[in-house]
Structure formats: C-alpha cells, structure tokens
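Below is one structure; the comments refer to it alone.
In what follows, chains carry the letters A, B, and so on, assigned in the order in which the sequence lines appear, proteins first and then strands, with residues in each chain numbered from 1.
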2 protein chains.
Amino acid sequence: MNSPITLTDVARQAGVSVATVSSVLNNTGRVSEGTRQRVLEVARDLGYVANLSARSLKGGRTGVLGMVVNDLASPVFAEIARGASMAARNVGLDLMLYTTSVTAQRERERVIGTVSSLCDGVLIVVSGDSDDYIRALEQPRFPAVLVNYLGETPLTTVGADNYWGARQATEHLAHLGHRRIGFITGASGSGQGPERLRGFLDALAAHGLPGGEDLIRTGDFSRPRGFAATCELLALPERPTAIFAANDESAFGAMDAAKDHGLRIPNDLSIVGFDDVPAAAVVHPALTTVRHPFLDIGATAVRLLQEAQQGGGASGRRVELMSELVVRHSTGPVGQEHQA
Amino acid sequence: MNSPITLTDVARQAGVSVATVSSVLNNTGRVSEGTRQRVLEVARDLGYVANLSARSLKGGRTGVLGMVVNDLASPVFAEIARGASMAARNVGLDLMLYTTSVTAQRERERVIGTVSSLCDGVLIVVSGDSDDYIRALEQPRFPAVLVNYLGETPLTTVGADNYWGARQATEHLAHLGHRRIGFITGASGSGQGPERLRGFLDALAAHGLPGGEDLIRTGDFSRPRGFAATCELLALPERPTAIFAANDESAFGAMDAAKDHGLRIPNDLSIVGFDDVPAAAVVHPALTTVRHPFLDIGATAVRLLQEAQQGGGASGRRVELMSELVVRHSTGPVGQEHQA
DNA sequence: CTGTTAGCGCCTTCAA
DNA sequence: TTGAAGGCGCTAACAG
C-alpha cells in the first residue's frame, strides 16, 4: 500500500527541513544550489506531487480553475471547454469540470461552494436562461467569469456576436442572388436565437428582400426540427432557394431534408448554419456557416479569470468576440431551375 | 467581501461546539433533536457549504469521484461522462472531470496525483493505446477503474463487447440478402477496431460470403476517411450493396458519399455503423448501428469504483457489457438494381 | 448528550 | 542558508 509522498517524506529523504523543500519547490526564498539540486532530485525520484487539499486549505493558490457546466453532451460546450483547457495549460493551470443540473437551486449553490473551495476561480457555462443560477455568484466572494450569458449581471462575461454574424451570412446569400430565403429559428428560451433572427431580418430589409411569416419557421436548435422546418419551407408554393438555420444542428437537418427531396446542395438549395461546430467542416457538402469562436471564448474566459484573480473583485467587464462567416460548399448562386 | 462560512461560524451562531455541528451534518454520534434542528437551520440560513479541502485533508471521504479523460470533444467520451455523472448523482456523489494530454508522461502522473488528493476514487477514460499511462495507477494506492481499456492490467476495467456486435450487424445484412459487403476499418492503433473487423469476417465466413481484400478499406474512425473509403468501394467493378463501418462517424461519411453518387439509402446501398452516438438517431435516414452502451458503461464504472473503495484494494475485475444491434432506416433488402 | 483537542499536509513567519 | 512552530477547516477520539 503505497501511501502518497508528502513534503515531509522528501525532506527526510533529502536530509533537510520541510521549509527548505517548500522553498525549493516554490522558488521562494534563497536556498543553496547544492541543496536545491538534491531536493529536486529526491522529489522526482519519490514521485512527489503536492497535495492540493493542503495547499488550498492553507489559502494559497491551487493552480486549478473550475468550470461549471450543465450539458456535457453539447459540442458547443465541448469546444469552449477545449479552448479553456488549452489556454489554462498554456499558463500552467489545470482545468477541472464540474457538472450540475440546471434545475435544483440548492444543488447549484453546493456545487459552486464546493468548486470555490478547491479552485482559484470559476468559469460558468450555462446554456439557455438560468438567471437565478447566476445570482448566487454575484456576491463578489470569488473570482468568476460567465460564458455565453446574455442576461443582466455585474459579473464579467464573455461571449460572441450573434447579430452581425447573422447579417453577414444573409448578405452572402443575397449577393449570390437569392431573393427568397427561409429562416429556421432557435429555441425560444435561449438568448442567442433572437439576435440571430434580428440580424437576418435587418439584412433582408437592407436588401429589399421579402421576409414574410411564411419564410420563418420555428426550430429548437435540434436536427429533427431542422428537418421538419425545411420540409415545411420546401412545401411552400414559391419555395425558397436558400435556407439560413439558427445553428449548425438545424442546418444538418435541413441538408437531410433537401437531399430527401432530391435537391442538390448548393445547386438547388443553398444552406447556411451558425456556430461552426467541428462537424460542419466534415459533413458533405461542407457547411457554410458563421463561426462562433468557441475556442477563443474559452481562452478569453481563462484570461479574464486570471485578471479577476489578480485584480481582486469582480471587474464586471463584458467581452464580445466577433463571429465570422465561413464560406464552404453548401452555398452557391441561385440555380437556373428556380430563377424562372 | 463575503468570506466563506465555516463550521466554526455555524457553531458560534448556533451556540454549540464545532463537534456538535459536525455530528449533525454527518449524521454521526447522538445529538438531541432540538440541537439538531437548530444547527440545521443555522447552517441553512448561513448557506454553509463544507470545505472539501479540509475534509479531504483530514482523510475522510469527499464524496467526489474523479474522471480523467484525454479528449473532451469526442461524443463517445461525452456519453460515458454523462452516464457516470448521472450514476454518481444518484448515489449522492459528484463527478469531477480532469483533462490531460496523452503525451506527456510527467504531466499525467501529476494529474493523477492531483486528482487522487481530491477524490475518493478515479475513473480513467483513455482512447487508443496508452499503456504506460495505466502503469502509474497499478500500484494499488488508490481506487481506480479503467474504462474502455483493452490492454493487460491488474486494475478493474469496464468496456463493452465489440466482436459479437459486429457479428450481429453483419448477419443482419446477410439476412437482408446482401452478399457483397464492404467494411471500413478503424484506426490501426485502437484496440476496438480489430475486434469489430474480426466479428465481421467471422460472420462472412459463417454465411459463405466473400471477404476479399478489395472489400476491406482502411479508415481511421473519421468522417472524411469514411467518405473516401466509400468512394473506393463504390468504384469497384462489382460494387458492394452494403457497407459496414467500424464506427458511426465513418458511417456518416459513407452516407455522404452514397448520396453524392446519387445512391438512395437503403434502396441502393445499406449502411451500418458502430457505437450509436446520439447523432446516429437523428441523421437521415436514421442509422442502423451497434449500440455500445456508453451510458451503462459510465454507470457501471461508478458502481465498480464504489465497490473498489469499500472493498479496499484493486479488485481487478474485468466487466464487459453487451452491445446490441439497433435497426433503423439505413439498411434494407437488396434492391432490384443490384441483384442482377 | 456535548465540549475539548489533536492533527491531516502545506506554507509562512520568525528565530537561529 | 536552514530549522522550528503555528494554523487553515474539518473529523474523530476522548473527556466531561
């Protein structure tokens, strides 16, 4: 039974005091080079790993950032976590993920409390609206950064633009000659969807294109709903030549529906998504979409969290990254078939 | 600046000793009902949350399970984590995820060391082969369970069958009348791929079907390779009427390729995947695939971990769950076009 | 039934 | 340049 190596073990083995070992390991205080080398060597040989609990209890920095999420399965979340994880690693920090249900209030407070007793700071990634979730953090007891949160809050938040990305995507379609463009909305609860719709509508107006009710279909960010909404759109007397879906998942559903109707993409129907999840680049044809810079969002969140730690309280900044149109192969000029 | 509430705070506020509070909160020792209620009330009012570091340092159970993964982006991983997370919650435990790179040896030891100082036990989910990763855990210093690991190890492992699932899928195709069936392999490194291929080949032999080299194409579990491999298969002088891909991602690529060639699924080409990731149910047509019970795997891992904790050392069990064919709409009887 | 106390592993003065 | 000692929040053993 190999019990974990403690600082004391290293000290004993190296024939010095614990304080000396601590100094060496933390690069603090002046220790003679000889002692230094010996301690380092012993620590390595013994496979010493600092006990985080002890360090945290003592009140020092643990070098661990916490991340609280409520949906492990979403690729959007996964990308943000990946970005945060890489950024943390780059500055010598670890990232710890904690899952929690959106529903139970007590549960969330417990999770936040737990994480904050372990970590130097916490990143909160919540999908949809869960305002009271946030309320618990607002007492500036602990460095926290909110990711993709659109509500009112004094805390620091990071997100990315939705409006201009949607506008850009719609204009891309307009420049391609499309005049009837369908739109598949997101889930009504989320804050991201409406902004995307607004960008779409404004671009339409700017180009004098029709944006009637019949061209706007309710989706819920899911693939099956994207499929169904597209079928509705294609059943219209004057069917659209392009469809803009409020997220990639819906766009994948739209692609399925188009192929099902024997339509070629992009010849017969152009399709644009939103998010640029990894799958968007590998579907066939590759999806034209608006890149939400999730990796950057994660990395920025880590940076802001570090600033919040050093700066002390909640800085209350609101950072919005730019999203960007990525043109791939699911969009093209209006085909002859439909121009008549 | 609201500093966290400690046990002492609660004790002071309730007018009792810390030991009493501790007893109440842990349901240990006998405390009078009146005191009990008062303590509970004060704790709730103050929003007391136990400091995990202190509890862990003291040597007690923390109620947190660790999970070490090397790929946050894979849906396979996400499902396992989801299963483990739900199972943990059901027994009142939390799950903490720690990411680590597969490459750096020192790094991994550090992560394991860190996690083990915080958690009651650890779940290791490694994709591909990383044998020396495992070696570090083998000293039974700490309850650990390996997920989806196929190598030799004295540690407890949980996984799911690959061979019989592949056999079943192939037989499904054979019963549908397919005689020329293509296969897209997985990445050569992984241990899961070869077993799936073996199941495929044995089923072929059992039915007296051809399994020549030309029908077996090298994939790497990715969608683009699945696409390319399928194009090769479709270019064969005598093209297959069905394709079995070693994982769903490859199967999605195969579906893309088929549609690209103007083939209808399943009328002109049947396609089977492996894994049953969530996307498999929502692509169009819905993918027939072999369900690897990831949620169950995660849940079982949690259960075994608990047993390992209670039982003490590494029990060294090897649990293999059954995989199961899920017939959806991407497979059907051989079409007239190809029967001639 | 309830209070006092030691000590988990570490870091940080302070003293030598 | 190094050693000794205290205390972070908590639990468990022991007194009262």
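Taking atom CG of B:Asp9 as the reference point, atom C1' of D:dC10 lies 13 Å away to the nearest angstrom. Atom CZ of A:Arg36 is separated from atom P of D:dT1 by 13 Å (rounded to the nearest Å). For A:Asn27 and C:dC11, the CG to C1' distance is 15 Å, given to the nearest whole Å. Taking atom CG of A:Leu25 as the reference point, atom P of C:dT12 lies 12 Å away to the nearest angstrom. C:dC1 atom P lies 10 Å from atom CD of B:Glu33, rounded to whole Å.
A salt bridge links B:Glu33 to B:Arg36: at least one charged side-chain nitrogen sits closer than 4.0 Å to a carboxylate oxygen. Salt-bridge check for A:Glu79 with A:Arg82: passed, with a basic side-chain N closer than 4.0 Å to an acidic carboxylate O.
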Chi angles and distances behind the side-chain contact (heavy atoms from CB on, under 4.5 Å) call for B:Gln13, B:Asp45: CA-CA 10 Å; B:Gln13 192 68 228; B:Asp45 288 354; over 6 Å; no
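Within the 3.5 Å criterion, the main-chain N or O of B:Leu150 finds no donor-acceptor partner in the side chain of B:Thr157. Using modelled atom types, no side-chain atom of A:Asp120 and backbone atom of A:Leu65 make a donor-acceptor pair closer than 3.5 Å.
In this structure, the side chain to side chain contact (heavy atoms under 4.5 Å, CB included) partners of A:Asn26, at least two apart in sequence or on a different chain, are A:Ser22, A:Thr28, A:Arg55.
Within the helix from C:dC1-D:dG16 to C:dA16-D:dT1, the inter-axis angle between the opening and closing five-pair segments is 50°, rounded to 10°.
Listed pair B:Thr20 / C:dG3 meets the phosphate criterion, a side-chain N or O lying under 4.0 Å from OP1 or OP2. For B:Ser17, no side-chain nitrogen or oxygen approaches OP1 or OP2 of C:dT2 to under 4.0 Å. Phosphate contact (OP1/OP2 of D:dC10, side-chain N/O of B:Ser56, threshold under 4.0 Å): absent.
In this structure, A:Leu118 CG and B:Leu52 CG are separated by 5.5 Å, a value rounded to the nearest 0.5 Å.
Using a 4.0 Å heavy-atom cutoff across all strands shown, A:Thr35 reaches sugar-phosphate atoms only and no base atom. Residue A:Ser23 is classed as having no contact, given no heavy-atom separation below 4.0 Å to the nucleic acid.
Residues A:Ser17 and A:Thr20 bring a donor and an acceptor atom of their side chains to less than 3.5 Å of each other. Using modelled atom types and a 3.5 Å distance limit, the side chains of A:Asp9 and A:Tyr48 yield no donor-acceptor pair.
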For nucleotides 5-9 of chain D, list the nitrogen or oxygen atoms of the protein found under 3.5 Å from its nitrogen or oxygen atoms, one pair per line.
from  : atom 1 : to      : atom 2 : distance (Å)
D:dG9 : N2     : B:Ala54 : O      : 3.4

